[in-house]
Engineer: 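I have a structure here, written as structure tokens, and I will follow up with some questions on it.
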Amino acid sequence: MSPQETVFRLLTLYFIIFMEYNFSEIERRWQEAWAKGAVYKVDNVSEKPHFYVLDMFPYPSGAGLHVGHPLGYIASDIYSRYKRLRGFNVLHPMGFDSYGLPAEQYAIQTGQHPEKTTMENIAHYIEQLRKIGFCYDWNREVRTCDPDFYRWTQWAFSRMFNSYFDPKTQKAQPIAKLIAEWEQNDPTWPKLSEREQQERLMHHRIAYLADQKVNWCPALGTVLANDEVSEGLSVRGGHPVEQRVMRQWCLRVSVYAPRLLEGLDRIDWTESLKETQRNWIGRSEGAEMQFRIKGRDDAFTIFTTRADTVFGVTFMVLAPESEYVQQIVTPEHKEEVDAYLNRCKHRTERERIADRKVTGVFSGSYAINPLTQAEIPIWISDYVLAGYGTGAIMAVPAHDSRDYAFARHFSLPIIPLIEGADVSEASFDAKEGKMINSGFLNGMEVKDAIQAMKEYITNTGIGRVKVNYRLRDAIFSRQRYWGEPFPIYYKNGMPYTLPDECLPLLLPEVTNFKPTETGEPPLGNAPMWAWDEQNRKVVDKKLIDEQTIFPLELCTMPGFAGSSAYYLRYMDPHNEEALVGHEANDYWRQVDLYLGGSEHATGHLIYSRFWNKFLYDLGYVCEDEPFKKLINQGMIQGRSNFVYRYIGEGATGNLYISYNLIDNPEYKDKVQPIHVNVNIVHNDVLDIDAFRKWMPEFRNAEFVFADGTSYDDNPYLAGPKQYICGWAIEKMSKSMFNVVNPDDVIAQFGADTLRLYEMFLGPLEMSKPWDTNGIDGVHRFLKKFWNMYETIEDGEPTPEELKSLHKLIKKLTWDIENFSFNTSIPALMIAQNELYTLKCHKRAILEQLAILIAPYAPHIAEEAWHRCGHDTYVVDAEWPECNEAYLVESVQKYPVQFNGKVRFTLECPKDTPKEEVEKLVLAHEDTKRYLGDMQIRKVIVVPGRIVNIVMG
RNA sequence: GCGGCAUUGGCGGAAUUGGUAGACGCGCCAGACUUAGGAUCUGGUUCCGAGAGGAGUGAAAGUUCGAGUCUUUUAUGCCGCACCA
């Protein structure tokens, strides 16, 4: 190479580097500029219409973000940026759900304070999020473990403690109102002692203490909520969970069941999510009835949805936990019953679910069927649940499969009540047919019979119509350290709230995060943990005298406490007077769009609706539903890669066979798949060098390559030597080596590519595997997009250029409004291709294009916008309007079908009348050919669409 | 068992109101440039068939001039709930 040539080459190289799409430089530069210019800061005062876009805030785990987390964040970011371009004042905040078990368990294992690890994890998360280029207003960040935040969690709890639910108005009210009412109208009230009064109030408070059968997890040393337990194991950690009765704080969520159900009709959530909540709330309409006990004065109450079947009741069943059991058991049966109860008590929920054998025991007592006056035996069995209905049922074996199984097992009578129902093999559970054996109901349809019976029992006073809900109160105590302390102290064993002005009650320092030796929760280890009522401050617990200094609550609040109202705090995060100021709340009102995973359907999303309705009742917030529209993003699964170790004859354990060869006879069933780190595999081709360096055991790995050879000394001379990996879709997890970190993707391709690619993968709501195989295509698109801005020319755009642009405007506008982000990326690619073909470098087109891509790829858009000569930020531009005039075609193409099969395309001028189109088609030279010797029956012309010739 | 969602090329997916199924991207094939290619560019790529043509959206039936789209039945997968009276 001559010196001249060398210089020329270097210059060319320099030019290429200079002009090349240098994403890391562009992204770093604009991220800094946005931060410096406070570009994403949002004001609560604005002339603009408001819009609130919220992501479910993450728990900052030690593992950092993986590529699945940002999926929803990117979608909401696109929407936020679009709304801002559309002239809205957009609230788009982010924060951290930073109390929780993992940090505490890590603390127990390592002695590191959970606060320290939590803060480090948050810092890592922020750094990762920052690199993706989200338009969050970080000024509004909240952290649930921050005293300035949990002050309001404690405040809300105090409000719940000091409120009751008024059944008449179906609203929460200050408990002072109830006390005032009793003072006026209830002569027994003033006679009660302070303690008795407190006990009575406890039955009405929204936040109350009660002995509860709880899910106790010995391994975690804490109580878990129902949704934190799955199949008898803790969701976090998989430890066994058992039933135990403990005194716990509870939230009276169940009283809100009707409103939680009704509210679903007024919010724009997916049907599946609403259905899940309806299911969870579990409304059933039925009747409550009294069954007298033979030989006694009292009766017990049952709940049934099949009032029509009373004539077929042949026995009664009580739940083992029912309070009636001890009252009705006869001396002869006591021993047997006690043995059964004992067995039930020791069976964990898990065993009960796993074992479906019919079990039960006869109590010795009989009840009287209120309609037939027949004597029916009362049994006890654990297939009846204490927590649902009244814990007692009337059994109708002919028409309920569980009752049927029970009756069969214990040889109890079965009376069919519906004409033609065959109950010799199974019960007839369907609610249809004509009634028989049912006295005055005979001949009626089931539906009418239910109605008639309801009227009958109401009129005769043996029962009443009743709606029942499955939803139970939430247990709100956790025997943990890393959570919000309750603003509660105990005077004579009764709880009292700390004055609001004394909040936050700070989480005390402890040196040991485990339960105390006496089995108290970890806060029992805190020396400074007593309340001085007179001086209104936390003092050493040695000073407790039960006169002025009292013990503080030792439990902390559960994970869902901090996440139940965080969306309100973002509206007004620095307000020191209120959770959210009225002015800020009146402006933002509610979350307009909430994005998150469907796994929160029955936990967080029920609790925060409850919490919000409670605050609404007391007038603290102006909307009774927190989240107007909600979209679930799908999960991102992992895509694992495998290498295949040869284990056949003469195996050294060091030879790996390319995936395409493993079914060959010589290797079939002689290879063992081994997970390989997906980060050293590109398009399913293994990076040999990286593999050998990955782990010591692969250092001397040898290969049979895709072409069947093993020679790899110099791949350049021998042609491409590729080792192809196999693959499988699995959960994204460290052990499968398929975790992809967004930082790595950003380092290799840039944040804009990551954002585009995550959207390009498929519809937002669907789960899909993270498959890096397609990412090159998206990155190539951005490179080509970048090249269009190499030179920028002035001049009038041509009609073709305008058509491309406006087609894109129309498409993207529709896509974003309909959350169809995956289809936007192809639209952008098509526009880029068209404009490239047209060699378009016109400013008028390119600057609009920069705005259009801005929500999706904000960094490249910002750079492009500035290249077009602007010195404002692209987020402050205006979203372009589609001008339909540019999209009008001068010719109309008609696909012409013969009996529904497309044969040719007819071109005719736009707006050719229907009759004219028909004439043109019939005159077309090909028509005769396709018609053959058949007759035309009918010609259908859909203007602007299609022509179909029906022949026969 | 109940409820919800899904099923389209080798792969991810598109088809927005019932109107040319397979857009766009990956991969693959061929070519150009190149010392080289995990770079770039051009063309091709649903299947069967040399071709004309035929088949085709998990399966079966139906409505319709016309169905991936609507209806019914059914299979498979995913998610949620579950002795809920």
Side-chain angles (χ1 to χ4, degrees), chain A residues 16 270-280 282-284 286 302-306 309 317 352-353 356 358 381-385 387-396 399-403 405-406 429 468-470 598-599 601-602 632 634-635 637 639 682-685 687 715-717 720 722 727 757 760-763 765-778 780-781 783-784 811 814-815 817-818 820 822-830 833 893-905 937-942 944-952:
Chain A
I16 288 166
T270 58
E271 206 41 51
S272 72
L273 191 59
K274 289 206 250 186
E275 209 48 48
T276 303
Q277 288 215 344
R278 285 192 192 108
N279 224 314
W280 191 258
R283 180 184 196 272
S284 52
I302 58 97
F303 174 76
T304 180
T305 53
R306 291 294 301 272
T309 59
V317 188
R352 275 178 68 165
I353 290 168
R356 299 220 165 197
V358 175
S381 172
D382 66 359
Y383 85 88
V384 174
L385 305 177
Y388 185 75
T390 60
I393 62 154
M394 59 175 217
V396 186
H399 302 288
D400 181 287
S401 48
R402 292 151 307 169
D403 297 346
F406 194 85
D429 291 10
N468 216 4
Y469 294 92
R470 196 181 77 99
S598 55
E599 66 271 22
T602 52
N632 292 128
M635 284 211 267
Q637 296 142 312
R639 186 179 189 277
H682 191 87
N683 287 342
D684 292 335
V685 175
D687 180 333
Y716 301 141
L717 292 177
Q722 295 192 327
W727 58 273
Y757 188 58
F760 185 65
L761 274 175
E765 298 93 329
M766 303 273 196
S767 329
K768 52 228 153 193
W770 176 262
D771 179 355
T772 33
N773 285 351
I775 202 164
D776 295 315
V778 170
R780 260 197 290 272
F781 157 69
K783 276 192 203 165
K784 288 186 270 186
K811 175 71 180 149
W814 193 92
D815 280 353
E817 302 270 6
N818 292 281
S820 172
N822 55 320
T823 51
S824 302
I825 318 303
L828 284 160
M829 289 173 171
I830 290 166
N833 271 329
K893 285 182 185 170
Y894 279 100
V896 180
Q897 299 182 330
F898 290 79
N899 280 350
K901 288 195 173 66
V902 179
R903 295 302 183 182
F904 61 86
T905 313
R937 294 261 170 99
K938 201 172 174 185
V939 179
I940 292 146
V941 180
V942 185
R945 285 279 186 192
I946 204 160
V947 178
N948 192 10
I949 295 171
V950 187
M951 51 189 195

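Quick caveat: nothing in here was measured; it's all calculated off a predicted structure. Each chain gets a letter, A, B and so on, in the order the sequences are listed, and its residues count up from 1.
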Engineer: Is any side-chain heavy atom of Leu828(A) less than 4.5 Å from a side-chain heavy atom of Phe760(A)?
Structural biologist: no
Engineer: Between the side chain of Asp400(A) and the main-chain N/O of Ala395(A), is any donor-acceptor distance below 3.5 Å?
Structural biologist: no
Engineer: Taking Watson-Crick and G-U wobble pairs with both distances under 3.5 Å, convert RNA chain B into its dot-bracket string, 5' to 3', dots for unpaired and | for cross-strand pairs.
Structural biologist: (((((((..(((......[....)))((((((.......))))))(((....)))..(((((..]....))))))))))))....
Engineer: Any side-chain to backbone donor/acceptor pair from Asp771(A) onto Asn773(A)? Under 3.5 Å, distance only.
Structural biologist: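 Confirmed, Asp771(A) side chain pairs with Asn773(A) backbone.
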Engineer: Distance check needed: C84(B) P versus Ile302(A) CD1, whole Å only.
Structural biologist: 15 Å
Engineer: Between G4(B) and G54(B), how far apart are the two P atoms, rounded to whole Å?
Structural biologist: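 It comes out at 41 Å once rounded to the nearest Å.
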Engineer: Going by an N to O cut-off under 4.0 Å, is there a salt bridge joining Asp815(A) and Lys811(A)?
Structural biologist: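 Answer for the salt bridge query: yes.
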Engineer: Using a heavy-atom cut-off of under 4.0 Å over every strand shown, decide if Val942(A) touches base, sugar-phosphate, or nothing.
Structural biologist: base
Engineer: Would G49(B) be called syn or anti, given that syn covers angles within 90° of 0?
Structural biologist: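 What G49(B) shows is an anti base, its glycosidic angle lying more than 90° from 0.
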Engineer: Please tell me which of the listed nucleotides, G12(B), A85(B), C24(B), lies nearest to the side chain of Ile393(A)?
Structural biologist: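 My answer, after comparing the listed nucleotides, is A85(B).
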Engineer: Of the nucleotides C65(B), G12(B), A14(B), which one has an atom closest to the side chain of Phe760(A)?
Structural biologist: G12(B)
Engineer: Specify the separation, in whole Å, of atom CZ of Arg278(A) and atom P of C79(B).
Structural biologist: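 In whole Å, C79(B) P lies 23 Å from Arg278(A) CZ.
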Engineer: Rounded to whole angstrom, note down the C1' distance from U20(B) over to G68(B).
Structural biologist: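 Rounded to whole Å, the distance is 14 Å.
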Engineer: What closest approach, in Å, do Pro763(A) and Asn822(A) show between heavy atoms, and which atom pair accounts for it?
Structural biologist: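 Closest approach of Pro763(A) to Asn822(A): N-ND2, 3.5 Å.
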Engineer: The side chain of Pro826(A) is closest to which nucleotide in this list: C81(B), U40(B), C24(B)?
Structural biologist: C24(B)
Engineer: Expressed as a whole number of Å, how far does the P atom of G10(B) sit from that of U57(B)?
Structural biologist: 14 Å
Engineer: Tell me, do Asn899(A) and Val950(A) make a side-chain contact under 4.5 Å, heavy atoms counted?
Structural biologist: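 A side-chain contact exists here, since the closest heavy-atom pair is under 4.5 Å.
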Engineer: Taking the side chain of Lys783(A) as heavy atoms from C-beta outward, which of U40(B), C81(B), C84(B) is closest to it?
Structural biologist: U40(B)
Engineer: Please indicate whether Met951(A) has more than 12 foreign heavy atoms, meaning atoms of other residues, nucleotides or ligands, lying under 6.0 Å from its CE.
Structural biologist: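 Check passes, neighbour count above 12.
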Engineer: For a quick check of understanding: with a heavy-atom distance under 4.0 Å over all strands, which category does Asp403(A) fall into, base, sugar-phosphate or nothing?
Structural biologist: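 Touches nothing.
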Engineer: To the nearest angstrom, how far is Arg945(A) atom CZ from C65(B) atom C1'?
Structural biologist: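 The answer, rounded to whole Å, is 16 Å.
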Engineer: Of Asn818(A) and Val902(A), whose closest RNA chain B nucleotide lies nearer the 5' terminus?
Structural biologist: Asn818(A)
Engineer: With hydrogens left out and only the distance checked, is there a donor-acceptor pair under 3.5 Å joining Lys784(A)'s side chain and the base of U40(B)?
Structural biologist: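 Check fails, no donor-acceptor contact within cut-off.
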Engineer: Does A14(B) have OP1 or OP2 under 4.0 Å away from a side-chain N or O of Asn822(A)?
Structural biologist: yes
Engineer: Taking atom C1' in both G62(B) and C28(B), what distance in whole Å separates the two?
Structural biologist: 41 Å
Engineer: Can you name the side chain to side chain contact (heavy atoms under 4.5 Å, CB included) partners of Asn468(A), sequence neighbours left out?
Structural biologist: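 For Asn468(A) the side chain to side chain contact (heavy atoms under 4.5 Å, CB included) partners, ignoring immediate neighbours, are Ser284(A), Phe303(A), Tyr388(A), Lys466(A).
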Engineer: In whole Å, measure the gap between the C1' atoms of U34(B) and G13(B) for me.
Structural biologist: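 Those two atoms are separated by 35 Å.
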Engineer: P atom, A21(B) versus C26(B): distance in rounded Å?
Structural biologist: 25 Å
Engineer: Give Pro763(A) one of three labels, base, sugar-phosphate or nothing, depending on what nucleic acid heavy atoms sit under 4.0 Å from its own.
Structural biologist: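 Contact class for Pro763(A): sugar-phosphate only.
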Engineer: Taking only the side-chain heavy atoms of Ile940(A) (C-beta and beyond), determine which of A39(B), G19(B), C11(B) contains the nearest atom.
Structural biologist: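 Out of A39(B), G19(B), C11(B), the nucleotide with an atom closest to Ile940(A)'s side chain is G19(B).
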Engineer: Scan nucleotides 52-54 of chain B against the protein and return all N/O pairs shorter than 3.5 Å with their distances rounded to 0.1 Å.
Structural biologist:
residue : atom : partner   : partner atom : Å
G54(B)  : OP1  : Arg903(A) : NH2          : 3.4
G54(B)  : OP2  : Arg903(A) : NH1          : 3.1

Engineer: Nearest-Å distance, CE (Met951(A)) to C1' (G66(B))?
Structural biologist: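 In whole Å, G66(B) C1' lies 14 Å from Met951(A) CE.
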Engineer: Determine whether a donor-acceptor pair (N or O, by modelled atom type, separation under 3.5 Å) exists between the side chain of Tyr894(A) and the backbone of Thr905(A).
Structural biologist: no
Engineer: Taking the side chain of Leu385(A) as heavy atoms from C-beta outward, which of C81(B), C83(B), C65(B) is closest to it?
Structural biologist: C83(B)
Engineer: Please check: side-chain N/O of Asn632(A) versus main-chain N/O of Glu765(A), any donor-acceptor pairing under 3.5 Å?
Structural biologist: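 It does not hold such a pair.
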Engineer: Out of C84(B), G38(B), A82(B), which nucleotide sits closest to the side chain of Arg402(A)?
Structural biologist: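 Of C84(B), G38(B), A82(B), C84(B) is nearest to the side chain of Arg402(A).
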Engineer: With respect to the side chain of Ser272(A), which nucleotide from G4(B), C65(B), G27(B) is positioned closest?
Structural biologist: G4(B)
Engineer: Could you give the distance separating G38(B) and C70(B) at their P atoms, to the nearest angstrom?
Structural biologist: 46 Å
Engineer: Separation of Arg470(A) atom CZ from C83(B) atom P, in whole Å?
Structural biologist: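 Distance check: Arg470(A) CZ to C83(B) P gives 8 Å.
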Engineer: U63(B) and C24(B): how far apart are their P atoms, nearest whole angstrom?
Structural biologist: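 Pairwise P distance, U63(B) against C24(B), rounds to 37 Å.
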Engineer: Nearest-Å distance, CG (Asp429(A)) to C1' (A85(B))?
Structural biologist: 11 Å
Engineer: Considering heavy-atom distances to RNA chain B, does Leu273(A) or Arg639(A) have its closest nucleotide positioned more toward the 5' end?
Structural biologist: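 Its nearest nucleotide being more 5', the pick is Leu273(A).
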Engineer: From Leu761(A) CG over to Met766(A) CE, what is the distance, rounded to the nearest 0.5 angstrom?
Structural biologist: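 That separation rounds to 13.0 Å.
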Engineer: Would you mind reading off the distance between Trp814(A) atom CH2 and U16(B) atom P, rounded to a whole angstrom?
Structural biologist: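 Between P of U16(B) and CH2 of Trp814(A): 8 Å.
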Engineer: Please assess Asp403(A) against Met394(A) for the test side chain to side chain contact (heavy atoms under 4.5 Å, CB included), listing each intermediate value before the final yes or no.
Structural biologist: CA-CA 9 Å; Asp403(A) 297 346; Met394(A) 59 175 217; over 6 Å; no
Engineer: Select one nucleotide: of C26(B), U16(B), C83(B), the one nearest the side-chain heavy atoms of Asp382(A).
Structural biologist: C83(B)
Engineer: Would you kindly give the OH-to-C1' distance between Tyr757(A) and C24(B), to the nearest whole Å?
Structural biologist: 13 Å
Engineer: Ring of Trp770(A), cation from Arg639(A) - is the NZ or CZ under 6.0 Å from the centre and inside 45° of the axis?
Structural biologist: no
Engineer: Choose from G4(B), A14(B), C84(B) the nucleotide whose nearest atom is closest to any side-chain atom of Glu275(A).
Structural biologist: G4(B)
Engineer: C65(B) base to Asn948(A) side chain: any donor-acceptor pair below 3.5 Å?
Structural biologist: yes
